[in-house]
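This report concerns only the one structure given below.
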Number of protein chains: 2
Amino acid sequence: MVYNEFKKIVNISKEDISGQILEQNRASIKVKKEKKVIENLIKIIDATLDICSKKSFQSMSIRDLSAASGLSRGALYSYFTNKEELLILLLTQGRQIVYQVLTEQISTVTSPHEKLKIAIKSHIYLSEAMDTWFYFNYIEARNLPKNEQKNAIESELETEKIFIDIIEEGIAEGVFKDENVVLLSSTLKAILQDWYLKRWKYRSRKTSVDEYADFVIKIMESILLIG
Amino acid sequence: MVYNEFKKIVNISKEDISGQILEQNRASIKVKKEKKVIENLIKIIDATLDICSKKSFQSMSIRDLSAASGLSRGALYSYFTNKEELLILLLTQGRQIVYQVLTEQISTVTSPHEKLKIAIKSHIYLSEAMDTWFYFNYIEARNLPKNEQKNAIESELETEKIFIDIIEEGIAEGVFKDENVVLLSSTLKAILQDWYLKRWKYRSRKTSVDEYADFVIKIMESILLIG
DNA sequence: CAACAAAAAACGGACATCCGTCCTTTTTCT
DNA sequence: AGAAAAAGGACGGATGTCCGTTTTTTGTTG
């Protein structure tokens, strides 16, 4: 599988995401007509991610967001109760999508080696397809209130756990070397994150998504494969 | 070399750092007596890093900094011209120290294999000794004005270049496998950064600095060493 | 050592600005 | 026309910075 195929398979459309947000936040959204909500949520999300790829969420004012989204300040407050809620909403949604797609993709294969490969590719391709979202999620997580930070941390560990399980399965089956699984998974996660955190670097070097994914897989294989 | 030895060798004292800051910013520092300047710069740096390990530099107000440092708002403005200048000053200084220590440590050995090992250890140990500073540097770099962001990017590439040179030297000497050097260095950098970006994770797992450093070295060896 | 004046440093009130949010008014949709 | 949605003025609070005032330090003289 290469990136262009992945994009079609996953197809994380903005309507879908907005729909999911609507479902989970009906209570705090004051607008009744679903079509209107989805339409404007897309505007809000697009504008937020766009602004926050240039400056931080904190220094984005509601007035900035209003100008970029085309909605008035008053209208914005029909879609979230306050600025912090908007942040929480976006981060929560982002995490859910990552986990959903990752577990779904892994379930399509059976051997640990294949699982590892598809998990790596899915993560990188996903972060490529949603780069502003991933960047936003990583960078802004620390500006959350304490209890929401816990969710972000749990989510990091959850994703890591996916890799831990795959590698342990491989070791148990005798196809992977018996390495320090937790440290290795943690390291793998760091490498995967680098793709969207240092997007500027890879872009300027013209490193393609496929090249990066293949390289990461090769590294992991050279550490884990026996023989 | 283990971490406890490293700390003694490098000994990045706060006085030294403040002295360096003073040297490079005499023009914008309005206080004459060097002793006073060093004394208060330490207070300012400590307070800033402490606050910014909990919230962002942007959401730290000058009043916050005043309360934490024990200097009045007016006094603070004798040490920097405005809040943004303080940020630039701290980031610039942090980058310089990393580069200085890294190149200095590498120059103590000759073979590429030894150089690689000492470069990895130095980077991890340095980020351990100055964890709040490293974290601050990474996270806050994006809140700089455009021209200062260029410096941050250049610095990232400079550090990466250190690793690129070592690995290329090893390949030329025939002791390292001929891998994709640039991608590999970039990956190594991502792994090194993870140590201070996810400090909470490693701390809760009781992973020691030495264990982490040894693990990273082992990974790199399993990728690069021939045989 | 004490007294004191000048210089240096620190202080904190004041001000203009910006920001999140609320709420009444206006516009759009049904 | 009535309901739903959008608009944007207004307000209280916070923030960066300036600058006149007060406190501390320094150097000098008796």
Side-chain angles (χ1 to χ4, degrees), chain A residues 18 21-22 25-48 51-52 54-90 140 143-145, chain B residues 18 21-22 25-48 51-52 54-90 140 143-145:
Chain A
S18 295
I21 291 180
L22 172 55
N25 297 277
R26 245 182 249 279
S28 51
I29 295 175
K30 290 169 197 99
V31 175
K32 305 271 170 75
K33 291 234 85 181
E34 293 216 353
K35 222 182 97 182
K36 256 276 142 75
V37 177
I38 305 253
E39 188 187 314
N40 284 337
L41 276 179
I42 292 174
K43 282 187 200 163
I44 295 172
I45 295 169
D46 277 352
T48 306
I51 294 172
C52 291
K54 286 156 203 153
K55 52 174 160 176
S56 72
F57 183 79
Q58 290 193 52
S59 55
M60 171 190 84
S61 70
I62 295 293
R63 285 165 177 82
D64 289 339
L65 183 56
S66 167
S69 66
L71 292 167
S72 70
R73 296 191 319 270
L76 288 176
Y77 276 86
S78 310
Y79 296 93
F80 48 82
T81 52
N82 57 52
K83 200 185 168 193
E84 192 176 70
E85 273 295 320
L86 171 63
L87 178 57
I88 292 174
L89 185 145
L90 287 170
E140 301 297 346
N143 295 323
L144 289 168
Chain B
S18 295
I21 292 179
L22 172 55
N25 297 277
R26 246 183 248 278
S28 52
I29 294 174
K30 290 170 198 99
V31 175
K32 305 268 170 76
K33 292 234 84 181
E34 293 215 352
K35 222 182 93 181
K36 256 279 142 75
V37 177
I38 305 253
E39 189 187 313
N40 285 336
L41 277 180
I42 292 174
K43 283 186 199 163
I44 294 172
I45 294 169
D46 278 351
T48 307
I51 294 172
C52 291
K54 287 156 202 153
K55 53 175 162 176
S56 74
F57 183 79
Q58 290 193 50
S59 55
M60 171 190 82
S61 71
I62 294 294
R63 284 164 178 82
D64 289 341
L65 182 56
S66 167
S69 66
L71 292 167
S72 71
R73 296 189 322 268
L76 287 175
Y77 277 86
S78 310
Y79 296 92
F80 48 82
T81 52
N82 57 51
K83 200 185 167 193
E84 191 176 71
E85 272 293 321
L86 172 63
L87 178 58
I88 293 174
L89 185 145
L90 287 171
E140 301 298 346
N143 295 323
L144 289 168

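Order of the sequence lines fixes the chain letters, A, B, ..., with proteins taken first and strands second; residue numbering starts at 1 for each chain.
Side-chain N/O atoms of Gln58(A) and Ser56(B) include a donor and acceptor closer than 3.5 Å.
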Walk along nucleotides 13-18 of chain D from 5' to 3' and tag each nucleotide B, S or - by protein heavy-atom contact under 4.0 Å, base first, then sugar-phosphate. --BBB-

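Of the residues in residues 34-44 of chain B, not one comes within less than 4.0 Å of DNA chain D through any heavy atom.
Annotation: side chain of Leu87(A) is not in contact with side chain of Lys83(A) (no heavy-atom distance under 4.5 Å). Annotation: side chain of Asp46(B) is not in contact with side chain of Lys43(B) (no heavy-atom distance under 4.5 Å). In this structure, Ile62(A) and Tyr77(A) have side chains that are in contact, with non-hydrogen atoms separated by less than 4.5 Å.
Whole-Å rounding puts the Lys30(B) NZ to dA9(C) P distance at 12 Å. Counting to the nearest Å, the C1' atom of dC22(C) and the CG atom of Leu76(A) are 14 Å from each other. Nucleotide dA5(D) holds its C1' atom 10 Å from the CG atom of Leu71(A), rounded to whole Å.
The distance from the CZ atom of Arg73(A) to the CZ atom of Arg63(A) is 4.5 Å, given to the nearest 0.5 Å. Note that the CD1 atom of Ile88(A) and the CG atom of Asn82(A) stand 8.0 Å from one another [nearest 0.5 Å]. Remark: Glu39(B) CD to Ile44(B) CD1 distance equals 11.0 Å, nearest 0.5 Å. How far CG of Leu22(A) is from CG of Leu41(A): 7.0 Å, rounded to the nearest 0.5 Å.
For Ser72(A), no side-chain nitrogen or oxygen approaches OP1 or OP2 of dA6(D) to under 4.0 Å.
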